[in-house]
Amino acid sequence: EDVEVLHWWTAGGEAAALNVLKEDLASKDIGWRDMPVAGGGGEAAMTALRARVTAGDPPTAVQMLGFDILDWANQGDVLADLSEAATAENWDAVIPAAIQKFAKPNGTWIAAPVNVHSTNWVWANKAVLDELGIAQPTTWDEFIAALQKVKDSGKVALAHGGQPWQEATIFDSAVLASGGPEFYQKSMIDLDPEALNSPEMVAAFDKMEQLRGFVDDNFSGRDWNLASAMVINGEAAFQIMGDWAKGEFLRADKVPGTDFLCFRVPGTEGVVTFNSDEFVMFKQNDDAAKAAQIEMAKAAESPEFQSAFNIVKGSVPARTDVSDEGFDDCGKQAMKDLKAASEAGTLLGSMGHGHANPAAVKNAMYDVITAHFNGEYDSATAAEELLNAVEGAQ
Amino acid sequence: MSGGAQDQAIRTGRVTRTFIYVVLIFFALFYLLPFFIMLINSIKPLPEITGGNMMALPTDPTIEPWKSAWSTAQIGVEATGLKPYFMNSILMVVPAVAISTILGALNGYILTKWRFRGDNLIFGLLLFSCFIPFQIVLIPMAMVLGKIGLAGSLTGLILVHVVYGIGFGTLYFRNYYAAFPTELVRAAMMDGAGFFRIFWRIMLPVSGPIAVVCIIWQFTNIWNDFLFGVSFGGLDAQPVTVALNNLVQSSTGVREYNVHFAAAILAALPTLLVYIVAGRYFVRGLMAGSVKG
Amino acid sequence: MARSDRAPQDMRTTLQNWLPKLVLSPSLAAMMVFVYGFIIYTIYLSFTNSKMLPSNEIIGLENYTRLFGLSAWTTALINLAIFASLYIVICIAIGLLLAIFLDQKIRGEGVLRPIYLYPMALSFIVTGTAWKWLLDPGIGLENTMHLWGWESFKFGWIKDRNYAIYTLVIAAVWQSSGFVMAMFLAGLRGIDNEMLKAAQIDGASNWNLYRRIVIPLLRPAFLSAFVILAHLAIKSYDLVIALTGGGPGRATELPATFMYSYTFTRNQMGVGAASAVIMLMGVAAVMVPYIYAEVKESR
Amino acid sequence: MPFLDIDNVTKSYGNVEVLHRVDIGVEEGEFLVLVGPSGCGKSTLLNMIAGLENITGGTISIKDRVVNDVHPSKRNIAMVFQSYALYPNMTVGQNITFGMEMHGIPKPEREQKLAEVAKLLQIEQLLARKPGQLSGGQRQRVAMGRALVRDPDVFLFDEPLSNLDAKLRVDMRTEIKKLHQRLKSTIVYVTHDQIEALTLSTRIAVMNKGYVQQLGTPKEVYDTPANMFVASFMGSPSMNLLPATLREANGGLAAELTGAEGQQIMLNLSQNGPNLRSYLGKPVILGIRPEAITDADGVDRNAKNTQALRNMVHVTEPAGSDTFVETSLSGKACIARMRADVDVHAGQPFDFVVNMDKAVVFDPETEDRIVD
Amino acid sequence: MPFLDIDNVTKSYGNVEVLHRVDIGVEEGEFLVLVGPSGCGKSTLLNMIAGLENITGGTISIKDRVVNDVHPSKRNIAMVFQSYALYPNMTVGQNITFGMEMHGIPKPEREQKLAEVAKLLQIEQLLARKPGQLSGGQRQRVAMGRALVRDPDVFLFDEPLSNLDAKLRVDMRTEIKKLHQRLKSTIVYVTHDQIEALTLSTRIAVMNKGYVQQLGTPKEVYDTPANMFVASFMGSPSMNLLPATLREANGGLAAELTGAEGQQIMLNLSQNGPNLRSYLGKPVILGIRPEAITDADGVDRNAKNTQALRNMVHVTEPAGSDTFVETSLSGKACIARMRADVDVHAGQPFDFVVNMDKAVVFDPETEDRIVD
Ligand SMILES: Nc1ncnc2c1ncn2[C@@H]1O[C@H](COP(=O)(O)OP(=O)(O)OP(=O)(O)O)[C@@H](O)[C@H]1O
Ligand SMILES: Nc1ncnc2c1ncn2[C@@H]1O[C@H](COP(=O)(O)OP(=O)(O)OP(=O)(O)O)[C@@H](O)[C@H]1O
Ligand SMILES: [Mg+2]
Ligand SMILES: [Mg+2]
């Protein structure tokens, strides 16, 4: 029996990591039918998925993120029930509750979480910081001062790509830095109108404005990895980006701690905004396919795969009981943070990556954030518009 | 069009001619520029690209990117390069172009030579279908394909392309056949030939020029299609554009621009070839049919 | 006159009368289902509360109200107006210019023509990256000019909210103007040579010859070019995705990208369908008169 | 019943009637020419015989079989089209045998027939060529060959010569005539060239605006045209139609005309029947053919009623074999045909001689010929 | 030097020479017709005069000015094209005034000229129409109007009538003739219709394969053709060219021919010069025009040298005004033109009368006429 897997992990490292899973399944006589659809953070893949589901021919497993999963879960009877695998492997215990919110939305396991990315990281070029005598900042103001210092030196302070999702990534941190996790929960996840148009939100937008001042003129449309490259090359000092950026540094033979630094965005320590890739399982009709699907879920959730995959991918395992052996320093740090945040209840879904609110709301927020970042609104207006947009999209 | 047969009706002075050549060459450079960039960067090693001038000629040319793009680049889980997807595209394009062209020819033949009440309305309806934005048909099309059991199959994909190719095919052939003497059809009828025999023996053999236009048009459209391929291609029928997209749009990791460019050129090679080889019949075919000058 | 011996219609005659309709019917049926059926379905969807997948809950005109309340949609419409008018006008101008020049018995026409035409063969999936590079001030034309010593050269439109839409025009013109050229060239080659001779005998300079005689005679080619370009402009999608992704901000959003994103990435299929219906109405406004004329002419 | 019977046939496009109750019978072996100005319905009628157009009213029968609803390919008719309609993608040989192939005639028989016809038409050496490589006259012969191999009941020709240049047209005309004389086939032939009509036909149907104006032998049509339309349509240059007044003169009848300088001219008529007499004193139209107006030397020696007439010459047109002279009578241009050498000059008066044997008279109101 | 001088002009396309050293002088007010079969180079020559084709060798001058390198718009020439080349996007009025507009003539003057010309050509009521709404004859007049308003040094016409039907062609021919007589303009006129050539021209240049075969008045060309090509090209039906042997007879010369049944026929020639005598006993070609072979009653009463001749009739073609009779002489078909009423029947012998006054004799080798 085969499993059909729709995903957008087509880059070399990711695909190699997936191969681990593929081979694991092969050893159980389960074939892997690959359906990669790259582009736009899975947008194209979601379109293709919709076509396949509408046609009544869904794939076995689909790489999916955040609220897309919930949307599908609410579409009625299209997803599979993975309870068998979950019980066997005791997923309830080892997977953080915040992630279960997506993988087990209505009390049944429908998805196998593969990894957890955290998005509130700063990546910094150590050589540049050393040269300018900048220490790792620990508060927002220190961060701003450091950025200013870099800017004064003539280098680009903050490497950034002008794409809505990248701006939203920064915005996650800005909200956290200005209001803390409760405010984040209220505004981004609960979508409380008062929180959305509040002084804290205005402050968050002010922070965005501050950051905007440290970005070079040529940022619009730039891909995130090019921004990373600027940090790697020493053209720029900092980048705020999810942990996938680490891969770029590693691939350029940079060593964490010596060549580059990774630290939480100042002002967001103790909080982890995450996004989690999961294999959502679609309901299969015949028993053999169902069995293969369960096997795949088990394999995806096995510590071996979780470890192997996430070492390559730069993220951390979705289950908290995996050994950190083999992970680099940043990875080890991330695993620790995750566990701590999960226990403290500060593991929060990233708005920028669709783990805080539904796609419609997310995109509506994108619109406002991007418009503000590009100077269309001042902060007060932006906060108002944010409320309007969210209400409009609901 | 060889210039020789047609005498030059308009005389131009030497200065004007020089100016004309300058303008023509300027535009040729403009049209070539993107392709030039793709080409030279596809034979540079990666560091030379990231570190150098986009327009500089390669100092250390290599064909590695091409090899990689063709056979070893990572498309999904497998590092197959574009090679297998090429076959998919060909398997899709050839029947889709053939069927839609033949249907277009038959429709054009009927709408000009076997006229009946309401034929113009039908032609109008067919023509309008050329202009429907494809995004809106995705969901209903998926439903229909699922219902008829062709979802995710090559056959289904071919069906989709044929359906949306009929409109232009009919337009081209109808305009061409409109100028074709009806007396020939009548003569064949008097000779005792029926509907199909007139088509095969009389109409089709003289449809060369317009068939070229139609085939070029359908070929490029179908070959370049991404949306239908990704939505309806399923697992085994993913065309090369989807593979190219997977290669170029991969979300993380080092961007191997040289490989991307090589892959892009490879993916475009068949259409380029079609334009260059058949291009000279294109204007002639347009003259014969679709544009009434 | 014995009328009784009037022969009944024989089999073959009957068959021959029905065959054309029979052969046409699959195409027609396909059209009815796959085009008009789908259009009706889309119209239906635009009145429903469809989100991620189609739903049957009718909510009246709400989607339309919402659509026109969205500033992004307004932006998309304005962008389309700017983009389409520039794109059509420039394509036609360049196409006509090149066609006229190429028609002067140019040596090397056989080489130039495919060069002008080839962009039509390439989709923006293929050329998108190259275009992005070219237009990017950091690595593209601007940078190259700087490297070549022209320090004051500035070409950063793609990064500028107010100008990005024009970079789309440049790339779109690059793709289609060669095809327009071919259409005009075909038109030019179809003009009776004697007419051109007559005008010269009448004393017309080359300029007047083109202005007064040739260009008016190319009317049908203008019309065909306009229709093809107009519908390409309305359907433009790949271009935007490949070049700007709709940015900076939403400065280059077009109705087609808007429709796609609402239907497929924002899970608001109802609003997406409503925007599709508006787009279809736009297409129809351009196409129906043309189709009517096309059909009328053959009578 | 005639071999080919066109009985009360009407044709309408939408609600425009383009043929009105046409009634023509064609006997076996006859050569019927349909002639008339452009748009008068000739092709339409031919197409209806061939089955290429529906018949709105009336019946057409061939060999006593009503063919109204018979498919063209079943009518055993062969047609030669104005543009020849040769299949451009086939060789001459294939063009000719295509019809036989369609009728399932075996190859050896086809070959043999082809050889025969090719010999008859002298196109043996052209059989392997494509139509594009043939001259107009050769194409015409191939088109004819295609019809001939079929051995049909009726041949239909739709202006087969109108695409040829004048010289070739004359040659081909003679060939068609010879062919008909040899094969004795039944032919319906459309033309708008009156010379072709007169030389080829055994009978002519002159049509105008969807009506048959006259049906008769060439001689009948030429000498006793049914009305002014037929009179002016047949013959080149066409019959002079001169306003006149009918007078009594010398015991007979005479037409009174006005010369170029206003002088009164009386031309005695050969007719003197009661019908004509009833027009006495009234305006009539006198029809005289150009060849009936000559000089004294050129006049037909067998003519019984010739009359002299002095009038001013306006234009002279020497045309090699003849000289055409334009004068004016009763305010209308009047053409005379003279010998080539005649001594006539524009701007001078000249002594014309008119042969009144074949002069005809028309009623100016109905435009019909006044039958004596 | 002539008004329009074509001096030793050659034209080559690539290395194919299509016009060979053409030498024609046209005086002011002359009406020169270029005539010849298709592809002989008529249009090419005309286009060279107009400046629409380059001149490979030789010079063309108008009014003593060499125009080889003068742009067409600067030659002060007007041209009427075969297809009329009316601008379909302009009204009739705009078509006619376009040339004046291009020459910067002010509007009131244009209007006035337009009115004049429109009146002359009787197209006043058509001025607001587009060419697409005109009949063939009307288009022809508009094309002519366009040329007329220009008041050019030379008018060029390239087969302006060949698109018209026979009847209209005759009418338009007369109009062109009248126009020339009134305006006294210099005209070069291309046609391949010999009737047009003969009736319109003051001089004719007969061309074949890029050579001028004969240049002369219509009468010269018709009566004393320079060679067999000219003889057979001019006149319709064309001159009978019969193989004969030159004999001495009755003190003069005679041509010996063979009748249809092999009987010997002697026709006395009017010529008796030394040139011709040198052919005694040798084969020659005897040229007799169809209108010179008639019946006893039809023969020209002014003819001096008429001879009877009994021969078998093959085909008769009554053509209204005349009857054409085909017989055979010396194994060649020979056409005779008779009166309409002549009593002649195919398959029976007939007493022909031949008018030998205008018979001509050709050398069978060189095909040139043997000048007496
Ligand atoms: N399909 C049609 N619809 C309407 N009217 C038509 C159609 N076909 C022909 N007619 C009209 O019928 C009349 C007769 O046409 P037909 O072709 O028989 O003329 P014709 O005598 O053959 O003329 P010509 O000598 O120009 O060939 C014309 O007035 C024409 O306009
Ligand atoms: N551009 C050209 N290149 C080569 N040969 C040419 C060209 N134009 C004309 N010819 C040749 O020159 C010869 C004379 O052509 P031209 O058009 O003058 O003939 P014409 O006498 O006008 O014939 P028609 O009566 O058919 O119009 C022809 O043999 C033709 O094939
Ligand atoms: Mg007709
Ligand atoms: Mg010519």
Side-chain angles (χ1 to χ4, degrees), chain B residues 1-2 5-6 101-102 105-106 108-121 173 175-215 281 284-285 287-289, chain D residues 13-14 43 46-54 70-91 94-105 110 130-132 139 142-150 152-160 163:
Chain B
M1 278 295 94
S2 72
Q6 193 187 20
T101 304
I102 286 178
L106 273 170
Y109 164 58
I110 292 166
L111 291 174
T112 52
K113 303 299 174 208
W114 295 81
R115 314 205 44 181
F116 50 88
R117 196 177 288 272
D119 56 353
N120 274 332
L121 179 68
F173 278 97
N175 284 350
Y176 182 75
Y177 286 153
F180 184 85
T182 303
E183 287 191 345
L184 277 179
V185 174
R186 297 185 151 183
M189 241 194 258
M190 306 290 305
D191 271 344
F195 176 82
F196 280 112
R197 285 215 268 193
I198 295 176
F199 180 67
W200 285 115
R201 299 285 303 273
I202 312 293
M203 304 298 281
L204 218 48
V206 297
S207 307
I210 203 62
V212 167
V213 172
C214 185
I215 287 171
Y281 302 104
R284 204 174 304 173
M287 259 182 85
Chain D
Y13 288 109
S43 298
L46 212 63
N47 284 335
M48 282 157 76
I49 300 174
L52 300 168
E53 298 266 9
N54 290 324
V70 178
H71 192 262
S73 57
K74 291 280 155 83
R75 292 191 183 194
N76 200 18
I77 275 177
M79 186 154 172
V80 176
F81 293 87
Q82 172 166 1
S83 59
Y84 310 144
L86 299 182
Y87 311 127
N89 54 309
M90 301 183 193
T91 64
Q94 289 166 334
N95 259 286
I96 294 177
T97 53
F98 183 74
M100 290 190 284
E101 195 185 333
M102 290 298 113
H103 283 97
I105 292 170
R110 296 205 306 255
K130 292 272 174 82
R139 281 182 213 190
V142 175
M144 209 122 78
R146 202 164 63 173
L148 286 178
V149 285
R150 292 273 317 283
D153 292 333
V154 180
F155 281 102
L156 305 177
F157 289 84
D158 194 355
E159 312 200 17
N163 280 340

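Below, chains carry the letters A, B, ... as their sequence lines are ordered, and counting in each starts from 1.
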Are Glu101(D) and Arg201(B) close enough for a salt bridge, meaning some N to O gap below 4.0 Å? yes
Heavy-atom proximity to chain B below 4.5 Å, by part of Gln94(D): neither
The interface call for Asn47(D) against chain B, heavy-atom contacts under 4.5 Å, is side chain
Closest approach of Pro88(D) to Leu184(B) (non-hydrogen atoms, all atoms of both residues): CD-CD1, 3.8 Å
Which heavy atom of His103(D) sits nearest to which heavy atom of Gly192(B), and what is that distance? CE1-CA, 3.9 Å
Does a side-chain heavy-atom distance below 4.5 Å link Met79(D) with Arg186(B)? no
Output for pair (Met190(B) CE, Arg75(D) CZ), nearest 0.5 Å, gives 8.5 Å
Answer yes or no: is there a donor N or O on one side and an acceptor on the other, between the side chain of Tyr87(D) and the main chain of Ala188(B), under 3.5 Å? yes
